[in-house]
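Here's the structure we're looking at; comments come further down.
Atoms within each ligand, like the ligands themselves, are counted from 1 in listed order.
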Amino acid sequence: MTGPEGRQAQPAGLAGLAAVLAGLLGDAQVITDRQRLRTYECDGLAHYRVVPGLVALPRDAAQVAAVVRACVAADVPFVARGSGTGLSGGALPHAEGVLIVTSQLRAIRDVVPEDERAVVEPGVINLQVSRAANPHGYYYAPDPSSQQVCSIGGNVAENSGGAHCLKYGFTTNHVTGLEIVTPYGDRVRLGGRALDPPGYDLLGAFVGSEGTLGIATEVTLRLTRLPECVRTLLAGFPSTDAAGAATSAIIGSGVVPAAIEMMDALAIEAAEAAVHCGYPEGAGAVLIVELDGPEADVEAQFAAVVELCREHGAYEIRVAADDAERALFWKGRKSAFAAVGRISPDYIVQDGVIPRTALSQVLRRIGELSTEHGVRVANVFHAGDGNLHPLVLFDDAIEGQAEHAEEVSGAILDLCIEFGGSITGEHGVGMDKAKHMPRMFTDDDLDTMQLLRCAFDPRGLANPGKIFPTPRLCGEVPGRHKGVHPLQERGVAEVF
Ligand SMILES: Cc1cc2nc3c(=O)[nH]c(=O)nc-3n(C[C@H](O)[C@H](O)[C@H](O)COP(=O)(O)OP(=O)(O)OC[C@H]3O[C@@H](n4cnc5c(N)ncnc54)[C@H](O)[C@@H]3O)c2cc1C
């Protein structure tokens, strides 16, 4: 804990808590100095900023539980944080709360190829799991683009996805067990190494709960056998319409590639400016399609995919001859978010989902929105999953542009809902999209979700203010209550 001269004036609820935490963790593991607290004021969505009341840096699960129990005793809210790369403000601190940072829980406890499992602490970085499993012939399949820095605990909380989740599934398909610290401070196990335990699927409920149901302190992950063969192609199409139709045709043919990624002309322009990836000239869209598996299957399916791309208008198809060329294909895609900074000073990264078959239509409508509002939109996304990442470009220095960009960004989410999709694919709801939840869910839907949250956390201390637009039903914070919920009325659920 920093010396008295460095301490900020603590909000009343935190007055004695800093000393209690220092007693539990040691002085060096508790941050109270305002300058150092500012390091944690935002996650990857930097336009939301809140300086946390306190930061705690526990070293193990017992310390996480002790910190949570101290928060409960002091009636102080807490927020878990992994690496802070989230893009929805999920790890945004609470000004009068404790930010519990898991980055020192970094042990890979076990790698068991025979069981196809790894057991890791939550602060372990995603890519480190594959590095530990590779020598055994295995890897960890979910691969968010941030995999070099994001933590497994954050992946669990966000149910993170990645380019190769089309074939292998999201995080939720790769977590078989958890140890969590509940919002009461108890250590509880959900699931384990074996599959399908009886009872409610609380493991499934926890994955994707964005830190609102407790803190994961140990994660049992499913490992996947390294594929015998990987083949990758880059195809240039005249338009996003054609590339979208090719995507649907590939999946419709029964082939499930490991990944199908799309970039439109503006995204390609940005990537070329940044990393000179040499994508096909004049392309209205490119697809990267990757197949993996047993060599004989991959060869046969690859030929079919090439044919389908041609049938749907691909005018140039390059097949990666080796790992270096494959890496070059991916370089443009992986650099795309950051590359957009080359063509626009500011941008909003949107994340929405649509049925794959609606890709062409929705991309056309996004183009129309862009023209109507005079706001450029670059599209770079997981086409196989229908998981869009429109990048809405603006210049904050020009009055009104930020508002226009927000408007277009919101209208894109409306489009996703109109076409039967969702307001978020993989970045979570967090702080940023809580306001959009009523676009997709009725009040009763939201209240029903809150009943689950209340069952874990009736006092509303775990990551309050996230996911839900209005606190209701349980005592998250005083707010609007809607009277008796229909489920209560029917005696199906109770509020406690
Ligand atoms: C450049 C870039 C690219 C990205 N690409 C992708 C992508 O391809 N796919 C994708 O899905 N995401 C992507 N993301 C978003 C982000 O990396 C993921 O959401 C990631 O899972 C967050 O992990 P983190 O450790 O940074 O979590 P944080 O940002 O620290 O926290 C995220 C949420 O998890 C909660 N949390 C953290 N640790 C725990 C824990 N132990 N127990 C319970 N709750 C916890 C926090 O309270 C918060 O709600 C990207 C981000 C960036 C910056």
Would you check if the side chain of Asn126 reaches a backbone N or O of Ser151 as a donor-acceptor pair within less than 3.5 Å?
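No, because the side chain of Asn126 does not come within donor-acceptor range (under 3.5 Å) of the backbone of Ser151.
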Asp396 side chain to Asp346 backbone, donor-acceptor under 3.5 Å:
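No, the answer is negative, given that no donor and acceptor are paired below the 3.5 Å cut-off.
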Report all protein residues having a heavy-atom distance below 4.0 Å to some atom of ligand 1; order the list by chain, then number.
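For ligand 1, the residues that come within the 4.0 Å heavy-atom cutoff are Ala80, Arg81, Gly82, Ser83, Gly84, Thr85, Gly86, Leu87, Gly90, Ala91, Thr102, Pro122, Pro144, Ser145, Ser146, Cys150, Ser151, Gly153, Gly154, Asn155, Ala157, Glu158, Ser160, Gly161, Glu210, Gly211, Gly214, Ile215, Ala216, Glu426, His427, Asn463.
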What is the ring orientation for Tyr168 with Tyr139, classed by angle as parallel under 30°, tilted 30 to 60°, or perpendicular over 60°?
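Ring orientation, 0 to 90° scale: perpendicular.
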Salt-bridge contact Arg189-Glu218 (side-chain N to carboxylate O under 4.0 Å)
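A salt bridge links Arg189 with Glu218.
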So, Asp75 and Arg459, do they make that salt bridge, N to O below 4.0 Å?
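Salt bridge flag = yes for Arg459 with Asp75.
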Of all residues at least two apart in sequence or in a different chain, which pass the side-chain contact (heavy atoms from CB on, under 4.5 Å) check with Val188?
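With neighbours one apart ignored, the set is Ile180, Thr182, Asp186, Leu190.
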